[in-house]
Amino acid sequence: MTSWQPAEDPRTRPLRSWAFDIGCAVVAGAASLGHFLFGQTAHPVHLPLAASLAVAVLTAAALPLRRVRPGPVFVWTLLAAAVLAQWPAHGALFPVALAVSLYSVAVTLRRAEAIAAAVLVVGVVLLVVAQDGTRHWGLAVTDAAGLAGAVLLVGLYVGTRRAYLAELRDRAGRLERERDASSALAAAEERARIAREMHDSVAHHLTVIVALSDGALRAVTRSPAEASDAIRDVSSTARQALSETRRVLGVLRTGSGQEPRQPQPGLADLDDLVARVRAAGLPVRYERTGAAAEDLPTGVQLAVFRLVQEALTNTMKHAGPRASAAVRLQVSAGEVRVDVDDDGTGGTAAVGAAGGGLTGMRERIKAFGGELDCGPRDPQGWRVSARIRPGPAAAS
C-alpha cells in the first residue's frame with residue numbers, strides 16, 4: 001500500500017473505530033491546549049483561550065482519519081508540528097499528535113515508509129530543540145531517537161501481528177472453500193455412483209421381470225406349472241430388486257458416505273445372475289478360466305459384475321427373439337478380461353446419459369484403469385469386451 005492510498009473504506013468502518021480515533025484526536029488537542037495555556041518554556045508565551053483552541057485544532061484536526069489516510073494525516077501533523085515550533089512560542093512541542101500519526105503509519109504502511117516517517121519525526125523534534133536553545137545535543141538526539149524508535153517498534157509489531165492474523169483468516173477461508181469444493185466433488189461422485197447402481201440394478205431386474213411376465217402370460221393356458229414357476233421367479237426377482245434399491249437408498253438416508261453393511265455383488269454372484277437371465281428366456285453360455293477370483297478387490301469384482309449385468313440386460317432388451325449370449329471371464333495375476341457376446345438381430349443399445357448404459361460401463365472400467373470396447377459383431381450381434389488391470393488404486 002502506498003502512502004496516499006486509502007487504507008480503509010470510511011463507509012464500512014465500524015462506529016467504535018471512529019469513536020476511538022476521535023478520542024485520540026481529543027486527547028492530542030487537549031494536550032496541546034493545556035501546553036499553550038499553562039506550559040512553561042524557555043520563551044513563555046501564554047495565548048488567549050481562542051488562540052489556544054485554534055492551535056489545538058491545528059494539531060489534532062486530521063487524527064480522526066489516521067486509519068483511513070495515514071500518509072496524508074502524518075504529513076499534516078508533521079507540518080503542524082514544524083509550524084508550532086516557530087510560532088507562537090519558539091521550541092514549543094507536545095508530541096502526542098505526532099506520536100499517534102507515526103504509530104498509524106508504522107501499523108498501516110510499508111516498513112521503509114514507516115522508517116522514513118520516524119526519521120522525519122526525529123528531525124522535527126531536533127528542530128524544536130534547536131529553537132529552544134539547548135546545549136546538550138547528545139541527550140537531545142538520544143531522546144528524539146528513543147521517542148520515534150519506541151513508537152515505530154510498537155507500530156511495526158502491531159502491523160505485523162495484524163498481517164499475520166489476516167493471513168490466518170485468509171488461509172482458513174481458503175481451506176473452508178477447498179473443503180466445500182471437495183465435499184461438492186465427493187457428493188457429485190457419490191451421485192454418479194448411485195445413479196450407476198440404480199440404473200444397473202433396476203434396469204436389469206425390470207427387464208428380467210418383463211421377460212418372465214411375458215413367458216408366464218404365454219404359458220398360463222397351455223402349461224400352468226411353467227407359468228407358476230415363472231411367477232415365482234418374478235416375485236423373487238422383484239424382491240431382490242427391492243432389496244438392492246433399499247440398500248442404495250439407505251446410503252442416501254444415512255448420509256454417512258460409508259459402504260453399506262450388506263456385501264456388494266461380486267464374481268461369485270455371476271452364476272446366480274446367469275441363472276436368472278436363463279430363467280427369463282435368454283440362453284446364456286458362461287465360461288470362467290484362470291486364477292481364483294476371491295483375491296480380487298471388491299471394487300473390481302463389483303465392476304465386472306455390473307458390466308456383465310448391463311450387457312446381458314441390453315441383450316434381453318435389444319437383441320430380439322431367438323438370441324443367445326456368451327459370457328467369458330478370464331482372471332490372471334495382472335489382468336481381468338471379460339467378454340459378453342450375443343448373436344441378436346435387434347438394434348444396438350443406446351449410449352444413454354451419464355451414469356447409465358454404455359457410459360456407465362465405461363466409467364466403471366475406467367475407474368480401475370481398464371479399457372472397454374463395445375460394438376457390433378460380424379455378421380450380426382453385439383460385443384462388449386473389457387480389460388482391467390488391478391493395482392493399488394483398485395485395492396483402495
| note | Here the salt bridge (Lys or Arg N to Asp or Glu O under 4.0 Å) pairs for residues 369-384, sequence neighbours left out, are Asp339-Arg383, Asp341-Arg383

| message | So, taking the atom named CZ in Arg162 and the one named OG1 in Thr108, what distance separates them when rounded to the nearest 0.5 Å? | response | 7.0 Å

| request: Would you name the heavy atoms of Ala148 and Val121 that are closest together and state the gap between them? | output: CB-CG1, 4.3 Å

| How far apart are the closest heavy atoms of Ile22 and Pro64, and which atoms are they? | CG1-CB, 4.1 Å

| field | Distance, nearest 0.5 Å, that separates OH of Tyr286 from CG of Leu312 | value | 11.0 Å

| Could you give the distance from OG (Ser101) to CZ (Arg66), rounded to the nearest 0.5 Å? | 9.5 Å

| request: Evaluate the criterion side-chain contact (heavy atoms from CB on, under 4.5 Å) for residue pair Arg285 and Arg328; output intermediate values, then yes/no. | output: CA-CA 8 Å; Arg285 186 176 68 256; Arg328 291 181 296 275; 4.3 Å; yes

| note | Residues Asp342 and Ala319: closest non-hydrogen pair is OD1-CB, 4.2 Å

| request: State plainly whether the residues Arg174 and Asp170 are in salt-bridge range, i.e. N to O under 4.0 Å. | output: yes

| query | Val122 and Ala144: which non-hydrogen atoms are nearest, and at how many Å? | reply | CG2-O, 3.8 Å

| said: Please determine whether residues Leu267 and Val274 belong to a single hydrophobic cluster, defined as Ile, Leu, Val, Met, Phe, Trp and Tyr linked transitively by side-chain heavy-atom distances below 4.5 Å. | reply: yes

| Taking the side chain as C-beta and beyond, is there a heavy-atom pair between Pro265 and Leu302 under 4.5 Å? | yes

| Out of curiosity, does Val119 fall in the hydrophobic cluster containing Val141 (side-chain heavy atoms, cut-off under 4.5 Å, transitive links)? | no

| Does one hydrophobic cluster hold both Val100 and Val73, with members joined at side-chain heavy-atom distances below 4.5 Å? | yes

| request: Check the pair Cys374, Met361 against side-chain contact (heavy atoms from CB on, under 4.5 Å), reporting the backbone distance first and the verdict last. | output: CA-CA 10 Å; Cys374 52; Met361 293 187 197; over 6 Å; no

| query | Should we say atom CG of Leu165 is surrounded by more than 12 heavy atoms from elsewhere, each under 6.0 Å from it? | reply | yes

| Can you tell me how far the CG atom of Leu98 sits from the CG atom of Leu147, to the nearest 0.5 Å? | 7.5 Å

| message | Using the side chain to side chain contact (heavy atoms under 4.5 Å, CB included) criterion, which residues pair with Ala99? Sequence neighbours excluded. | response | Val151

| Are Glu335 and Arg337 close enough, and set up right, to give a salt bridge (Lys or Arg N to Asp or Glu O under 4.0 Å), and what steps lead you there? | CA-CA 6 Å; Glu335 184 181 73; Arg337 178 165 182 168; 5.8 Å; no

| query | Can you tell me how far CD1 of Ile365 sits from CG of Leu307, rounded to the nearest 0.5 angstrom? | reply | 5.0 Å

| Shared ILVMFWY cluster between Val331 and Leu372, side chains joined below 4.5 angstrom? | yes

| message | For a 4.5 angstrom cut-off between non-hydrogen side-chain atoms, does Val327 reach Leu270? | response | no

| request: Might you point out which heavy atoms bring Ala323 and Gly344 nearest each other, and give the distance in Å? | output: CB-CA, 3.8 Å

| Leu102 to Ala114 - nearest heavy-atom pair and separation | CD1-O, 4.2 Å

| query | Should Leu152 and Leu78 be regarded as members of a common hydrophobic cluster, given that ILVMFWY residues are connected when their side-chain heavy atoms come within less than 4.5 Å of each other, either directly or indirectly? | reply | no

| Which of these, Arg16, Arg69, Arg67, sits in a salt bridge (charged side-chain N to carboxylate O under 4.0 Å, His left out) with Asp21? | Arg67

| said: Once rounded to the nearest 0.5 Å, what's the spacing between atom CZ of Phe74 and atom CG of Leu109? | reply: 10.0 Å

| field | Test side-chain contact (heavy atoms from CB on, under 4.5 Å) applied to Thr160 and Arg111, step by step | value | CA-CA 10 Å; Thr160 303; Arg111 183 171 299 180; 4.3 Å; yes

| Leu329 and Val336: CA distance, side-chain angles, deciding distance, side-chain contact (heavy atoms from CB on, under 4.5 Å) verdict | CA-CA 8 Å; Leu329 176 63; Val336 178; 4.0 Å; yes

| Is a side-chain donor or acceptor of Gln330 paired with a backbone partner of Thr289 at a separation under 3.5 angstrom? | no

| request: Report yes if some heavy atom in the side chain of Leu63 is under 4.5 Å from a heavy atom in the side chain of Trp76; otherwise report no. | output: no

| Can any side-chain N or O of Asp143 pair as donor or acceptor with the backbone N or O of Ala140 at less than 3.5 Å? | no

| Over 12 foreign heavy atoms within 6.0 Å of CZ, Arg161 | no

